[in-house]
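Counting from 1, the numbers follow the sequence of the chain as shown.
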Amino acid sequence: MSEVLYNKEQIKELIPHREPFLLIDEINEMEPGKRVAATTYIKEEDFWFKGHFPDYPVTPGVLMIEMLAQAGAAAMLALPENKGKIGLFAGIDKAKFRRQVVPGDVLKLEVEIIKVKGPIGVGQGTVTVDGKKAVTAEITFAIK
């Protein structure tokens, strides 16, 4: 088990997301403005499984992209100059969905901020389950 730097309540101090749309459970490593590693525990009662799909529960790929975005936002909003701001999507590129994510999976989310110019930045994100890639994507964001 990884060290917990920020629990869910502490994450709420960094990013504006709240239940049911706060999709990261803990932050395990962070270099503000540079990189972050976080964890999401996929549970049977997660809201999306009621409809995606009732007899075959699979986590939607777009929600895993959102998990990466929330982790990346935490890294950027942890910078003192960004306190109290929000991160908005400006683009999603090169997204690949490599495996299904189901109840009981533990997602490791890693985002490296690869470019920042003014309020716009790009993060390279990877979601893994048991060390195997589930999702990779490049996410562009705007800090507002």
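- Taking NZ from Lys144 and CG from Asn82, the interatomic distance works out to 13.5 Å, rounded to the nearest 0.5 Å.
- To the nearest 0.5 angstrom, Lys117 atom NZ is 7.5 Å from Lys115 atom NZ.
- Within 6.0 Å of atom CD in Glu44, 12 or fewer heavy atoms from other residues, nucleotides or ligands are found, so the atom counts as exposed in its surroundings.
- Under a hydrophobic clustering in which Ile, Leu, Val, Met, Phe, Trp and Tyr are joined whenever their side-chain heavy atoms come within less than 4.5 Å, directly or via other members, Met30 and Val4 fall into different clusters.
- Taken together through direct or relayed side-chain contacts under 4.5 Å among Ile, Leu, Val, Met, Phe, Trp and Tyr, Phe89 and Phe21 form part of one hydrophobic cluster.
- Under the 4.0 Å criterion applied to side-chain N and carboxylate O atoms, Lys12 and Glu19 are assigned as salt-bridge partners.
- Atom CD1 of Ile139 sits about 5.5 Å away from atom CG of Leu68, to the nearest 0.5 Å.
- Residues Asp93 and Val122 form no side-chain contact, since every pair of their non-hydrogen atoms from C-beta on lies 4.5 Å or further apart.
- For the pair His52 (side chain) and Thr59 (backbone), a donor-acceptor distance under 3.5 Å is absent.
- Side-chain contact between Thr140 and Ile92 is absent, with no heavy atoms from C-beta onward closer than 4.5 Å.
- Of the inter-residue distances, the one linking Phe141 atom CZ with Leu88 atom CG reads 11.0 Å to the nearest 0.5 angstrom.
- More than 12 heavy atoms of other residues, nucleotides or ligands lie within 6.0 Å of NZ in Lys8, so this atom counts as buried by the packing criterion.
- Residues Glu138 and Ile114 form a side-chain contact, since some pair of their non-hydrogen atoms from C-beta on lies under 4.5 Å apart.
- Pairing each heavy atom of Ile27 with each of Ala74, the nearest pair is CD1-CB, 3.6 Å.
- When all heavy atoms of Leu77 and Pro16 are compared, the closest pair comes out as CD1-CD, 4.3 Å.
- Annotation: side chain of Ile15 is in contact with side chain of Leu22 (closest heavy-atom distance under 4.5 Å).
- Looking only at distances, no side-chain donor or acceptor of Glu13 sits under 3.5 Å from a matching main-chain atom of Tyr6.
- Hydrophobic clustering keeps Val101 apart from Val62 (ILVMFWY residues linked when any side-chain heavy atoms are closer than 4.5 Å, directly or through intermediates).
- Two residues are said to be in side-chain contact when any heavy atoms from C-beta on lie closer than 4.5 Å; Leu23 and His17 fail this criterion.
- Nearest heavy atom pair, residue Val36 against residue Gly72, reads CG1-N, 4.0 Å.
- Each of Met76, Arg35, Lys34 was checked for a side-chain contact (heavy atoms from CB on, under 4.5 Å) with Ile113, and the lone residue meeting it is Met76.
- Nearest heavy atoms, Thr40 versus Leu109: OG1-CD1, 3.5 Å.
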* Candidate pair Phe97 and Val127, rule side-chain contact (heavy atoms from CB on, under 4.5 Å), full reasoning -> CA-CA 10 Å; Phe97 305 99; Val127 177; over 6 Å; no
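- For the pair Ile143 and Glu81, the minimum side-chain heavy-atom distance is 4.5 Å or more.
- No more than 12 heavy-atom neighbours from other residues, nucleotides or ligands sit within 6.0 angstrom of NZ on Lys96.
- Asn7 places a side-chain heavy atom less than 4.5 Å from the side chain of Gln10.
- The backbone N or O of Trp48 sits nowhere less than 3.5 Å from a side-chain atom of Asp46 that would complete a donor-acceptor pair.
- A distance of 8.0 Å separates CG in Leu107 from OG1 in Thr128, rounded to the nearest 0.5 Å.
- Classification of Arg99 and Asp130 as a salt-bridged pair fails, no side-chain N sitting under 4.0 Å from a carboxylate O.
- Residues Tyr41 and Ile65 do not share a hydrophobic cluster, defined by chaining ILVMFWY side chains whose heavy atoms lie under 4.5 Å apart.
- Not a single donor-acceptor pair under 3.5 Å links the side chain of Gln70 to the backbone N or O of Met67.
- Smallest separation of non-hydrogen atoms from Ala71 and Ala38: CB-CB, 4.2 Å.
- Proximity of a side-chain donor or acceptor of Asp105 to a complementary backbone N or O of Ile42 within less than 3.5 Å is not detected.
- Of all non-hydrogen atoms in Pro20 and Phe47, the two that sit nearest each other are O-CE2, 3.2 Å.
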| Steps toward side-chain contact (heavy atoms from CB on, under 4.5 Å) verdict (Lys43, Asp25) | CA-CA 11 Å; Lys43 301 169 287 312; Asp25 293 312; 4.3 Å; yes
